[in-house]
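In this chain, numbering begins with 1 at the start of the sequence shown. All ligand and atom numbering here is 1-based and tracks the order in the structure.
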Amino acid sequence: MLLDHTLEKYPMTSRLKDGSSVLVRPIQRRDDKRLHKFLMAVPEVERLFIKNSIADRSLVQNWCRNQDFDQNLPLLMLQGGKIIGEATLHQRLGGWKRHIGLITLLTHPDYRGRDVSKILLTELLDISRQCGLHRLEAELNGERKIALNVLSRLGFQKLADLSDYVLDMQAVTHDYVLLGMSLKVDDEYAGVGD
Ligand SMILES: CC(C)(COP(=O)(O)OP(=O)(O)OC[C@H]1O[C@@H](n2cnc3c(N)ncnc32)[C@H](O)[C@@H]1OP(=O)(O)O)[C@@H](O)C(=O)NCCC(=O)NCCS
């Protein structure tokens, strides 16, 4: 796996704004129960970007068991064995967007505003640079005003805003917002596209 060296630093401990200690690490095969619990704690309107119905436990189990970190790298944040945040780096390994990573962020509703996403995104930025990515993107539905605000504070800028462009699981349309961030590429890793 290409990322082996990059992921050697995990599990890693960190501290939230409130001083409490947390663990950050990539997802593992046996995380399915706690991941399902975490996803079910997030209001459905906030997880439209998860393209499948996560009520299906076997789907979550499948995610945990069939990970390909070179394409999808989910980093988890845990406190006392409970998942309190998740951030994923999606990479296209070919094609014209191979230099652009796509990230998703999700924080447990009880742990928002404590730096969960900031810590996870900082890790993903570091990993993205080491992978030689030039840019990151994030996709949101336009109603996620807090997320838009948070992501702009974390360095993303609006690239596109399309009215009634995406459909949720009930086939209701929502505005689509594409955010982007430029990454300074470390020459040592700048091999994308070679
Ligand atoms: C968006 C989301 C991931 C933010 O997670 P979080 O862990 O609460 O964010 P953090 O605590 O790390 O905060 C990051 C920054 O945003 C600010 N922020 C946090 N919550 C905020 C709020 N409600 N309003 C305004 N700013 C806020 C923080 O102060 C911090 O800014 P700073 O660095 O200037 O201090 C979370 O609200 C969420 O899971 N939303 C639903 C899922 C979603 O829409 N994800 C985005 C799709 S990619």
Side-chain angles (χ1 to χ4, degrees), residues 12-27 31 34-55 60 63 71-80 82-92 97 100-128 133 135-162 164-170 172-183:
M12 173 197 108
T13 53
S14 187
R15 279 196 189 280
L16 298 183
K17 213 183 238 176
D18 60 13
S20 61
S21 175
V22 291
L23 192 78
V24 175
R25 62 162 172 77
I27 202 166
D31 282 324
R34 56 181 134 218
L35 181 64
H36 188 255
K37 207 167 169 186
F38 165 71
L39 292 172
M40 294 307 283
V42 176
E44 194 176 345
V45 290
E46 291 186 349
R47 43 179 159 86
L48 289 185
F49 62 85
I50 301 175
K51 276 100 183 164
N52 301 292
S53 168
I54 55 98
V60 178
W63 278 351
Q71 284 199 63
N72 293 302
L73 172 64
L75 272 191
L76 302 181
M77 183 177 284
L78 297 104
Q79 195 166 61
K82 173 182 175 180
I83 298 176
I84 61 169
E86 186 267 344
T88 298
L89 171 66
H90 307 265
Q91 294 192 67
R92 300 94 163 174
K97 277 196 166 184
I100 307 175
L102 176 73
I103 60 120
T104 56
L105 299 170
L106 197 53
T107 297
H108 191 292
D110 297 344
Y111 293 83
R112 296 203 179 153
R114 300 192 204 180
D115 286 352
V116 171
S117 279
K118 202 197 272 188
I119 294 167
L120 289 173
L121 182 66
T122 303
E123 291 304 307
L124 288 187
L125 289 176
D126 200 29
I127 292 169
S128 301
L133 291 171
R135 300 191 61 86
L136 282 183
E137 287 180 350
E139 299 176 305
L140 291 103
N141 85 61
E143 289 134 52
R144 304 270 57 79
K145 302 291 181 211
I146 291 178
L148 285 166
N149 194 331
V150 170
L151 283 160
S152 68
R153 291 178 83 101
L154 294 173
F156 283 85
Q157 291 174 330
K158 196 182 275 189
L159 301 179
D161 190 342
L162 306 171
D164 291 329
Y165 194 71
V166 286
L167 284 181
D168 64 21
M169 300 300 274
Q170 280 75 42
V172 177
T173 60
H174 297 267
D175 295 351
Y176 168 84
V177 179
L178 178 66
L179 302 176
M181 175 196 270
S182 174
L183 299 170

Pull out every atom of ligand 1 sitting under 4.0 Å from any heavy atom of [X], numbered as shown with elements.
X	result
T107	3 (C), 5 (O), 6 (P), 7 (O), 38 (C), 39 (O)
G113	6 (P), 8 (O), 11 (O)
T104	48 (S)
R114	11 (O)
R144	44 (O)
K118	12 (O), 32 (P), 33 (O), 35 (O)
I146	22 (C), 23 (N)

| Residue list, salt bridge (Lys or Arg N to Asp or Glu O under 4.0 Å) with E137, at least two apart or on another chain | R92, K97
| query | How far apart are the closest heavy atoms of R15 and V22, and which atoms are they? | reply | N-CG2, 4.4 Å
For residues 113-121, which side-chain donor-acceptor pairs fall under 3.5 Å, sequence neighbours excluded?
residue	atom	partner	partner atom	Å
R114	NH1	D18	OD2	3.1
R114	NH2	D110	O	3.0
S117	OG	T107	OG1	3.1

| field | Evaluation steps, side-chain contact (heavy atoms from CB on, under 4.5 Å), between R135 and L159 | value | CA-CA 12 Å; R135 300 191 61 86; L159 301 179; 4.2 Å; yes
| query | Does the side-chain contact (heavy atoms from CB on, under 4.5 Å) test come out yes or no for L89 and L133, once each step is laid out? | reply | CA-CA 11 Å; L89 171 66; L133 291 171; 4.0 Å; yes
